[in-house]
Peer 1: 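I have a structure I would like to understand better, so I am pasting it below and will then ask my questions one at a time.
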Amino acid sequence: MALSYTLREGLAGFRRAKLATAASVAALAIALVLIGIVALLAWQWQAVSETLRQRASEAEVFLDEAADAEVAANLGDRLRASPGVDSVRFVSHEEAAEIFREAFGEGAEIFDDAQFLPASYRVRLGADWAAPDSLARFAEEVTSWAPVEDVAYDRASVEAIERNRRVFSGIGAAVALLVVLAALLLVGNTVRLSIYARRMLIRTMKLVGATNGFIRRPFLIEGAAQGLAAGLVAGAVLWALYGLLLRWLGAADVAAGGPDAGGVATGVGWPGGTPLLAVSAVVALGVLLGFLASTVAVRRFIRQVRLA
């Protein structure tokens, strides 16, 4: 009996205050869409920044001119066995000269002898080691090895990527927090208006002995129902908007030459590979925000209803 009354009264709020409920659902849906977009972009930025970090974490280990083939091979095995190393590729004198010609064009013709460019190993570190401090430790250790002449890496790019990751993460967290607070206030105000409109009914229920918990439950159901409706609307909008963004990024990556050309859009997609995960999270967040906002609003407002 109590459960059926709670559900009936909670859902009846949609009929009693249609305009206020619609405004609350719309406002919460907009907030959820913003939260979803910020969360998805933050997740995507983390994935892209990891790719950029790994690309920037490539170190080039130059061999001493006196190193023969056996010494070079032993060095390659030692590098592959080093912790944090993801891949190792040998670059011969001839390949280095070809890379030099491609980079400098006609101006490279004055260097006829390929032997002036030392052989090297291009070492790419894993994601956990793609940080300025880890790269510095790796370079310092490898430089001390006998056949190694020098270790070069782009420290400035790695530091810039790491710095930008922290900045964007902080901005995203701040924006998400503001949107969540705004959503809580919107739902809470709507529930308070609903309570105020039924203050005489609440006073009568208190007079006949109804507890605060019994009075509170329908409003909690109403808030959760508003959150569910807003979550469903926001999930559909987010699915469409982020789907368009993914198609645009995919087209831009193809135009840039695709993964082989180093396009950073490689791997862009939905978390878990399916939009259902993100949509389900938005719907669940909507229900949670609606329930929490109703809980705070109802607890404070019902206590203010006087019996006399």
Peer 1: The test is side-chain contact (heavy atoms from CB on, under 4.5 Å); show your working for Tyr121 and Leu75 and say whether it passes.
Peer 2: CA-CA 9 Å; Tyr121 278 101; Leu75 176 62; 4.1 Å; yes

Peer 1: Check whether any side-chain heavy atom of Asn74 sits under 4.5 Å from a side-chain heavy atom of Glu70, and report yes or no.
Peer 2: yes

Peer 1: Please check if Phe62 and Val123 belong to a single hydrophobic cluster, counting links between Ile, Leu, Val, Met, Phe, Trp and Tyr side chain heavy atoms closer than 4.5 Å.
Peer 2: no

Peer 1: When you check the gap from the basic side-chain N to the acidic O, do Glu95 and Arg89 get nearer than 4.0 Å?
Peer 2: yes

Peer 1: Is the closest side-chain heavy-atom distance between Trp270 and Leu277 below 4.5 Å?
Peer 2: no

Peer 1: Please tell me if the side chains of Leu238 and Leu40 come closer than 4.5 Å, counting only heavy atoms from C-beta onward.
Peer 2: yes

Peer 1: Hey, what do you get for CD (Glu60) to CZ (Arg122), rounding to the nearest 0.5 Å?
Peer 2: 4.5 Å

Peer 1: Would you mind reporting whether Phe291 and Leu220 have side-chain heavy atoms less than 4.5 Å apart?
Peer 2: yes

Peer 1: Any donor and acceptor pair, going by atom type alone, linking the side chain of Ser144 with main-chain N or O of Glu141 inside 3.5 Å?
Peer 2: yes

Peer 1: Can Leu244 and Trp239 be said to form a side-chain contact (heavy atoms from CB on, under 4.5 Å), step by step?
Peer 2: CA-CA 9 Å; Leu244 288 174; Trp239 192 331; over 6 Å; no

Peer 1: Return the CG to CG distance between Leu32 and Leu285, rounded to the nearest 0.5 Å.
Peer 2: 5.5 Å

Peer 1: Quick one: are Phe168 and Leu41 in side-chain contact, heavy atoms under 4.5 Å?
Peer 2: no

Peer 1: Tell me whether Ser82 contacts the main-chain N or O of Arg78 through its side chain, where contact means a donor paired with an acceptor under 3.5 Å.
Peer 2: yes

Peer 1: Please determine whether side-chain contact (heavy atoms from CB on, under 4.5 Å) holds for the pair Glu222 and Gln226, giving the CA-CA distance in whole Å, both sets of side-chain angles, and the decisive distance to 0.1 Å.
Peer 2: CA-CA 6 Å; Glu222 182 179 343; Gln226 289 181 10; 3.5 Å; yes

Peer 1: What's the verdict on side-chain contact (heavy atoms from CB on, under 4.5 Å) for Leu241 and Val33, showing C-alpha distance, side-chain angles and the deciding distance?
Peer 2: CA-CA 9 Å; Leu241 290 179; Val33 169; 4.3 Å; yes

Peer 1: Between Phe90 and Val61, is there a side-chain heavy-atom distance shorter than 4.5 Å?
Peer 2: no

Peer 1: Does a side-chain heavy-atom distance below 4.5 Å link Pro118 with Leu63?
Peer 2: no

Peer 1: Between Leu79 and Val142, is there a side-chain heavy-atom distance shorter than 4.5 Å?
Peer 2: yes

